[in-house]
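All values reported here derive from a predicted model rather than from experimental measurement.
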Amino acid sequence: LVECGFDEASAREATCRMLEESLHLLRQKSPEVALTGPVKRRDAGTIDRHREALLAKPEYLAVYDALLMSTKRMTGWMD
């Protein structure tokens, strides 16, 4: 987020809010039900844009891809 123009404090706050909401949903529901985002929506365009943005950081792309495969399996959306 800092590389996108957020200052450090705002980036940390936004990240914490996303993580807190994810944990809140997981406390109440199964991972398959709690999952949100482009995989759940089967939004291949957004996923492609995320991957494209991460090409300059191969270590981040590797993590993204691993999580992508896991969430695709959870939702039954495999290529």
Side-chain angles (χ1 to χ4, degrees):
L1 292 174
V2 170
E3 290 179 19
C4 293
F6 287 78
D7 62 72
E8 181 105 9
S10 297
R12 185 176 297 116
E13 179 64 26
T15 301
C16 287
R17 285 183 185 215
M18 286 186 283
L19 291 170
E20 288 167 355
E21 181 61 22
S22 295
L23 290 173
H24 175 74
L25 289 171
L26 283 171
R27 284 187 184 107
Q28 297 177 17
K29 304 173 183 182
S30 69
E32 296 83 1
V33 174
L35 184 67
T36 64
V39 173
K40 184 156 188 175
R41 295 189 310 269
R42 297 186 182 215
D43 183 351
T46 296
I47 292 167
D48 289 345
R49 287 189 297 279
H50 288 171
R51 294 188 79 258
E52 198 172 303
L54 293 170
L55 288 175
K57 300 275 189 170
E59 65 278 15
Y60 295 177
L61 181 58
V63 171
Y64 184 88
D65 284 342
L67 293 170
L68 178 62
M69 291 305 294
S70 177
T71 52
K72 279 186 166 186
R73 277 193 290 280
M74 268 194 275
T75 64
W77 182 36
M78 295 296 291
D79 295 332

Shortest non-hydrogen separation from Y64 to I47 and the atoms involved
OH-CA, 3.8 Å
Return the set of residues passing ring pair (Phe, Tyr, Trp, His ring centres under 6.0 Å) with Y60 (not counting sequence neighbours), or none when no residue passes.
none
Tell me the salt bridge (Lys or Arg N to Asp or Glu O under 4.0 Å) pairs involving residues 38-48, sequence neighbours left out?
R41-D43
What residues, two or more places apart in sequence or in another chain, satisfy side chain to side chain donor-acceptor pair (under 3.5 Å) together with E32?
S30
Residues two or more places apart in sequence or in another chain: which of them pass side chain to side chain contact (heavy atoms under 4.5 Å, CB included) with T75?
L35, V39, W77
Please determine whether side-chain hydrogen bond (donor to acceptor under 3.5 Å, both in side chains) holds for the pair S70 and R73, giving the CA-CA distance in whole Å, both sets of side-chain angles, and the decisive distance to 0.1 Å.
CA-CA 5 Å; S70 177; R73 277 193 290 280; 5.1 Å; no
V63: which other cluster members, linking ILVMFWY side chains closer than 4.5 Å, directly or transitively?
L67
How many angstroms lie between CD in E52 and CZ in R49, if you round to the nearest 0.5 Å?
9.0 Å
Contacts of type side chain to side chain contact (heavy atoms under 4.5 Å, CB included), residue L19, not counting sequence neighbours:
T15
Side chain to side chain contact (heavy atoms under 4.5 Å, CB included) involving L26 - partner list, sequence neighbours excluded
P31, A34
Output the distance between atom OG (S22) and atom CZ (R27), rounded to the nearest 0.5 Å.
11.0 Å
Could you walk me through whether L68 and R51 pass the side-chain contact (heavy atoms from CB on, under 4.5 Å) test, one step at a time?
CA-CA 10 Å; L68 178 62; R51 294 188 79 258; 4.3 Å; yes
By the ring-ring contact (aromatic ring centres under 6.0 Å, His included) test, which pairs, at least two apart or in different chains, include something from residues 30-49?
none
Pairing residues for E3 by the salt bridge (charged side-chain N to carboxylate O under 4.0 Å, His left out) criterion, not counting sequence neighbours:
K57
For H24, check ring pair (Phe, Tyr, Trp, His ring centres under 6.0 Å) against everything at least two apart and list the hits.
none
Mind jotting down which residue pairs meet the salt bridge (Lys or Arg N to Asp or Glu O under 4.0 Å) criterion with at least one end in residues 4-17? Sequence neighbours excluded, please.
E8-R12, E13-R17
Only counting residues at least two apart or in another chain, list the ones meeting side chain to side chain contact (heavy atoms under 4.5 Å, CB included) with A14.
L1
